[in-house]
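Presented below is the structure to which this report refers.
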Amino acid sequence: MTCNILVGGAWGDEGKGKCITYLCNQDKPEIIARAGVGPNAGHSVEFNGEKYGLRMIPSGFVHTGARLLIGAGVLVDPAVFHHELDYLNKYQVKTRTFADYRCAIIEEEHKEQDRGSDHLFKKIGSTGTGCGPANRDRALRTIKQAIDVDSMDGYVTDVPLEVNTALDEGRDVFIEGSQGFGLSLYYGTYPFVTSKDTTASSAAADVGVGPTRIDDVIVVFKSYITRVGEGPFPSEITQEEAEKMSIEEYGTVTGRRRRVGTFDMEMARESCMINGATQMALTCVDRLYPSCERVTDYSDLSGEVKRFVEEIENETKVPVTIISTGPDLADTIDLREELM
């Protein structure tokens, strides 16, 4: 029986989708539960040569033996939810995806308020998906819950009961967070943050799991850092520099060009500390160091890459157990057995 949490270490876009897909396909947990804010966060998944962009359904959907759950702390947009059920139907998601009956529902008025707010949409850089106004209404206790709307009929359950029962019976659970530490309402670069906390502690609470039941917290970092929207970015480089390094990127949800910066060791230390990281996944190493593209054995990495990994481990005091060297699941160095 294990209950592991994976969260983003920076401002999102760290490559969580690839890591979640790899870990769930490899470890075969019986329940995969999504935590986080809501459909403002997009996960990119590449599996068997096909690419998927997800905003609601857990990224571990490729493991067809798992029950896919959305925790009570997550905002649900029924339109996005049902679109993804259809979009991923060949993975039998319609028969195994359920949201907690207490999930708060995003309605059209929330999206209109989000996009119409100069403060949220123009200054903060909101995605316009209605999450901020919906979480406001949730705090005011005026929002509808999943159990209250017809479109969610047949797709609701008691997520904490399912998850804790599974753990009691010795089954494995994987909890996937969304967005990243730097966007936490509490610990991020306020006010340029999202509408709730995004750390591992909140991910556990989102799905109704107590802290004593968590075995490992895996924090994901990209080998360079990106962020979408406004806010402080100490290690930011120019777009011209990013293009020369071939590390320019665009957002999954918004399509906006991401700001790019070098790896921020100070942020990594704080993120690992507050998340209580026990393991680290490092992604996009191949983009920063093209020589290691598709390498699957740590011994085959160049000395430059190994020094980079060792520096991160020394500074954060957290072992790097997963190293992604390409978009495909096979492009992964897995050091968990060796290091844990």
Side-chain angles (χ1 to χ4, degrees), residues 6 8-27 42-54 59-60 62-63 176 180 218-228 235-252 255 257-265 268 279-316 318-339:
L6 181 144
W11 287 295
D13 310 318
E14 302 96 349
K16 294 184 294 298
K18 155 74 186 283
C19 293
I20 293 164
T21 306
Y22 173 80
L23 291 167
C24 290
N25 191 58
Q26 191 80 9
D27 299 346
H43 288 175
S44 297
V45 172
E46 188 167 327
F47 186 68
N48 287 342
E50 295 184 297
K51 295 181 180 180
Y52 305 93
L54 305 177
S59 298
V62 297
H63 167 36
E176 57 177 73
I218 305 158
V219 179
V220 184
F221 290 94
K222 196 152 53 182
S223 298
Y224 51 94
I225 294 183
T226 58
R227 82 174 294 177
V228 171
S235 67
E236 185 172 13
I237 61 177
T238 66
Q239 291 292 349
E240 290 73 23
E241 289 175 290
E243 287 176 8
K244 286 179 184 177
M245 297 170 68
S246 298
I247 54 175
E248 69 275 17
E249 292 189 11
Y250 296 85
T252 303
R257 189 168 185 169
R258 293 171 180 159
R259 298 159 63 193
V260 180
T262 56
F263 192 89
D264 188 332
M265 202 67 74
Q279 298 182 44
M280 185 187 301
L282 190 63
T283 67
C284 296
V285 178
D286 55 300
R287 296 198 65 191
L288 197 61
Y289 300 100
S291 65
C292 73
E293 185 176 6
R294 309 207 74 173
V295 170
T296 57
D297 192 309
Y298 187 80
S299 63
D300 292 333
L301 292 175
S302 68
E304 185 180 22
V305 177
K306 289 179 181 177
R307 285 190 292 273
F308 178 55
V309 172
E310 289 165 6
E311 181 186 6
I312 292 172
E313 290 182 322
N314 290 335
E315 290 288 340
T316 62
V318 177
V320 176
T321 57
I322 300 290
I323 301 173
S324 175
T325 59
D328 194 270
L329 295 196
D331 306 330
T332 304
I333 299 172
D334 189 340
L335 301 171
R336 289 178 295 165
E337 284 191 16
E338 181 180 334
L339 297 178

Euclidean distance, Thr332 OG1 relative to Arg294 CZ, rounded to 0.5 Å: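 The distance works out to 10.5 Å.
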
Test item: [X] and [Y] side chains (from C-beta on) under 4.5 Å apart, heavy atoms:
{"X": "Glu249", "Y": "Val260", "value": "no"}
{"X": "Ile225", "Y": "Trp11", "value": "yes"}
{"X": "Val219", "Y": "Val318", "value": "no"}
{"X": "Lys18", "Y": "Val220", "value": "no"}
{"X": "Thr262", "Y": "Ile237", "value": "yes"}
{"X": "Ile322", "Y": "Gln26", "value": "no"}
{"X": "Ile333", "Y": "Leu301", "value": "yes"}
{"X": "Arg336", "Y": "Ile218", "value": "no"}

Residue Lys306 excluded, over 12 heavy atoms near NZ under 6.0 Å: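 Above 12, so yes.
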
Are any side-chain N or O atoms of [X] and backbone N or O atoms of [Y], one a donor and one an acceptor, separated by less than 3.5 Å?
{"X": "Glu338", "Y": "Leu335", "answer": "no"}
{"X": "Glu176", "Y": "Ser59", "answer": "yes"}
{"X": "Glu310", "Y": "Val305", "answer": "no"}

Residues Asp297 and Ser299: side-chain donor-acceptor under 3.5 angstrom: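 Judged by distance alone, the side chains do pair up.
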
Whether Phe308 and Tyr289 hold their rings parallel, tilted or perpendicular, with breakpoints at 30° and 60°: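 Judged by the thresholds at 30° and 60°, the geometry between Phe308 and Tyr289 is tilted.
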
Pair Glu236-Arg227, side-chain contact (heavy atoms from CB on, under 4.5 Å): steps then yes or no: CA-CA 9 Å; Glu236 185 172 13; Arg227 82 174 294 177; over 6 Å; no

